[in-house]
Peer 1: 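Below you'll find the structure I mean.
This chain uses plain numbering: 1 for the first residue, then up along the sequence.
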Amino acid sequence: MSEHELKLKLIELAEVPAPPITVDVERARRDGKRRRRVRTYAVIAGCVTAVVAGGVVAVSVPGGPTPEHRVAGPAPAPALPPVDPAVHPLVAKADFGWLPDGIFGVEYRVGEYGTSSLAIGRGENPAMIWLTVHDQEPPLDRTRQIGPGATRVPVRIAGRDGYWVSRSAADPLNGGDSYLRWPVGDGRWLEVHAYYLDVRDPEQALLRVAEGVTVGERPVAVPIRISALPENFKLADGALVRRPDRGGGPWELDLRYSVHGANVHLKVTTIGGRPPKAEDPVCTEDKGLVACVTVDRPVAADLGAIGGAEGLLDRLTLLGPDESAWSTKMIG
C-alpha cells in the first residue's frame, strides 16, 4: 500500500468509534477434541492464505445483488435496528448495490478508525470506492486533502440534493480524487470517496454507484464462530479484507482485541496464505482454514483464566472457505 493510499485510508476510518463487546464470561468452553496446533507458523507458512474482508468476486458481492440486478436503486431505506456488538461486532452501516466492472471485492472495517465499506479493484493501484455513513453533514474538507478552495458542486442523487466536493466547480471529480455526498433524509449523510478508477465515464459511474446504495446496519458474514469471550476483551479493530494481489488469499479476517492494554490478535486465513507478522503465533487448522493467536504482552494480557492463547483457540469454530457457510453470528 502506498503512503498516499495509507494516509487516505486512515483518514477515511477516523470518524466513528467501534462498539464495545460485552459477552458472558461464564459461558462454558467449547467441548470436543483439541485441534492440532502449530506453535511455529513457519511450519505451515507456505500453506496458509490470507483471509480478510467480505466482498464481491469479479463484480458480485456475496449475499448481495447478482450482476443482472445490480442497477441503480431507489433512495436509501431507513436504518434497521442496530446489530448487537456482543453477538457480531463486524457490521456494515451501508451496502453497495451496483458497482463498475473491475471491482474485485468489498472490504469491511470497524474499530478505532471508524466503520467503513470499501469496494476495491485489483493491481498495484487498485480502484477504491469508500462508502461512509455520517450522523450529520460532515465538514466540507473533511479529509483535509482539498484545501481552502474546497467548493460544493450541486448534483441530484436518488431524488435528493447532493453535491461533489472539489477544488473547482469546473472539475466536479476533483482530478480523479472524487467526493460525492448526499442526505439520507433523517439527518444522516452518505459519502462516496473514489480514486484510481479505470472507467470510461467516472462521473456517471459514481452517480450510479450512489443511487444503488442502501442504508442499514447489517452483520458481515465471517468464517468463524467464537463460543464466548471474557468481558475484558474489547475489540480495537476488526477487518474482513480482500487483497490477493498483495500476496494473500481471496480474503483475510483480522480481529485485534485490547486486553488489559495488551493486544490479542486473532487472524484467520485459508491454507496457503501469508503467516502473521508477529513471532511465535499459536495456531490451529480445520476445514481448510488456519487461525492464529498472537499476544504482544502475554504477562499484561494475563490469559491464564481461559487457558492462554490455546484456550482462546478452543473457543473457536472454523467454518471453512465456502462463504455460503459463514455466520452472521460471530460470538455465542
Side-chain angles (χ1 to χ4, degrees), residues 1-16 56 59 70-76 93-107 113-114 116-185 188-215:
M1 180 181 297
S2 67
E3 290 185 2
H4 173 70
E5 181 182 322
L6 177 59
K7 182 176 180 181
L8 288 171
K9 170 183 168 183
L10 292 178
I11 292 172
E12 283 289 337
L13 299 178
E15 292 291 313
V16 184
V56 292
V59 292
R70 290 169 57 222
V71 297
K93 290 193 172 185
D95 278 309
F96 292 103
W98 182 86
L99 286 166
D101 292 342
I103 294 297
F104 170 74
V106 178
E107 303 182 350
Y113 294 105
S116 68
S117 302
L118 169 63
I120 187 168
R122 304 198 64 159
E124 180 63 27
N125 292 309
M128 291 194 172
I129 306 175
W130 295 88
L131 174 61
T132 307
V133 181
H134 299 283
D135 290 335
Q136 58 188 5
E137 183 177 3
L140 187 59
D141 188 15
R142 179 178 66 85
T143 62
R144 299 182 293 278
Q145 297 295 304
I146 298 176
T151 186
R152 293 175 176 86
V153 182
V155 67
R156 293 283 289 179
I157 304 168
R160 301 185 183 276
D161 289 326
Y163 57 86
W164 302 93
V165 183
S166 181
R167 296 182 182 89
S168 168
D171 178 19
L173 272 65
N174 197 43
D177 188 13
S178 307
Y179 297 83
L180 181 60
R181 294 178 184 165
W182 68 103
V184 175
R188 291 174 297 164
W189 281 69
L190 291 168
E191 180 179 73
V192 166
H193 176 202
Y195 46 97
Y196 299 151
L197 297 185
D198 186 19
V199 296
R200 189 176 300 278
D201 190 341
E203 182 172 355
Q204 290 304 309
L206 289 177
L207 288 173
R208 190 176 179 189
V209 167
E211 290 176 348
V213 168
T214 56
V215 177

Peer 1: Work out which heavy atom in Leu197 is nearest to a heavy atom in Met128; give both atom names and the distance.
Peer 2: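 Where Leu197 meets Met128 most closely, the heavy atoms are CD2-O, 4.4 Å.
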
Peer 1: As a quick check of understanding, evaluate side chain to side chain contact (heavy atoms under 4.5 Å, CB included) for Leu180 and Trp182, giving each step before the final call.
Peer 2: CA-CA 7 Å; Leu180 181 60; Trp182 68 103; 4.3 Å; yes

Peer 1: Looking only at heavy atoms, which two atoms of Ala94 and Ser117 are closest? And how far apart?
Peer 2: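 Nearest pair, atom of Ala94 first, then Ser117: O-OG, 3.5 Å.
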
Peer 1: Which heavy atom of Pro183 sits nearest a heavy atom of Trp189, and at what distance?
Peer 2: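 Residues Pro183 and Trp189, closest heavy atoms: N-CE3, 3.7 Å.
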
Peer 1: Roughly how far, to the nearest 0.5 Å, is the CG atom of Leu207 from the CG atom of Asp201?
Peer 2: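 Those atoms lie 9.0 Å apart.
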
Peer 1: For Ile146 and Asp141, which heavy atoms make the closest approach, and how far apart are they?
Peer 2: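 In this case the closest contact between Ile146 and Asp141 is N-OD1, 3.1 Å.
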
Peer 1: Is Asp171 atom CG crowded by more than 12 heavy atoms from other residues, nucleotides or ligands, each under 6.0 Å away?
Peer 2: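 Yes, the 6.0 Å shell around CG holds more than 12 heavy atoms from other groups.
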
Peer 1: State the CG-OH distance between Asp177 and Tyr196, to the nearest 0.5 angstrom.
Peer 2: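 OH of Tyr196 is found 8.5 Å from CG of Asp177.
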
Peer 1: Let me see the working for Val165 and Leu140 under side chain to side chain contact (heavy atoms under 4.5 Å, CB included), right down to the final yes or no.
Peer 2: CA-CA 7 Å; Val165 183; Leu140 187 59; 4.0 Å; yes

Peer 1: How long is the straight-line distance from NE2 of His134 back to CD of Glu191, given to the nearest 0.5 Å?
Peer 2: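 So the CD of Glu191 and the NE2 of His134 are separated by 4.0 Å.
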
Peer 1: Does any non-hydrogen side-chain atom of Val155 lie less than 4.5 Å from one of Ile157?
Peer 2: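 Side chain of Ile157 against side chain of Val155, heavy atoms only: contact under 4.5 Å found.
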
Peer 1: Side-chain contact, heavy-atom cut-off 4.5 Å: Val213 with Asp95?
Peer 2: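 When only atoms from C-beta onward are counted, Asp95 and Val213 do not touch, as no gap falls below 4.5 Å.
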
Peer 1: Side chain to side chain contact (heavy atoms under 4.5 Å, CB included), that's the test. Do Trp98 and Val209 meet it? Break it down for me.
Peer 2: CA-CA 6 Å; Trp98 182 86; Val209 167; 3.7 Å; yes

Peer 1: If you look at every heavy atom in Gly159 and Arg156, which pair is closest and at what distance?
Peer 2: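 Heavy atoms only, the tightest pair is O-NH2, 2.8 Å.
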
Peer 1: Measure the spacing between CG of Leu206 and CD of Glu211 and express it to the nearest 0.5 Å.
Peer 2: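 Reported value, rounded in 0.5 Å steps: 11.5 Å.
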
Peer 1: Below 30° counts as parallel, above 60° as perpendicular, anything between as tilted: where do the rings of His193 and Tyr179 land?
Peer 2: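 His193 and Tyr179: parallel rings.
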
Peer 1: Between Thr151 and Ala169, which heavy-atom pair has the shortest distance, and what is it?
Peer 2: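 Residues Thr151 and Ala169, closest heavy atoms: CG2-N, 3.9 Å.
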
Peer 1: Run the side chain to side chain contact (heavy atoms under 4.5 Å, CB included) check on Lys93 and Val215 step by step: do they pass?
Peer 2: CA-CA 6 Å; Lys93 290 193 172 185; Val215 177; over 6 Å; no

Peer 1: Measuring from Phe96:CZ to Leu131:CG, what's the distance to the nearest 0.5 Å?
Peer 2: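 Here the rounded value is 4.5 Å.
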
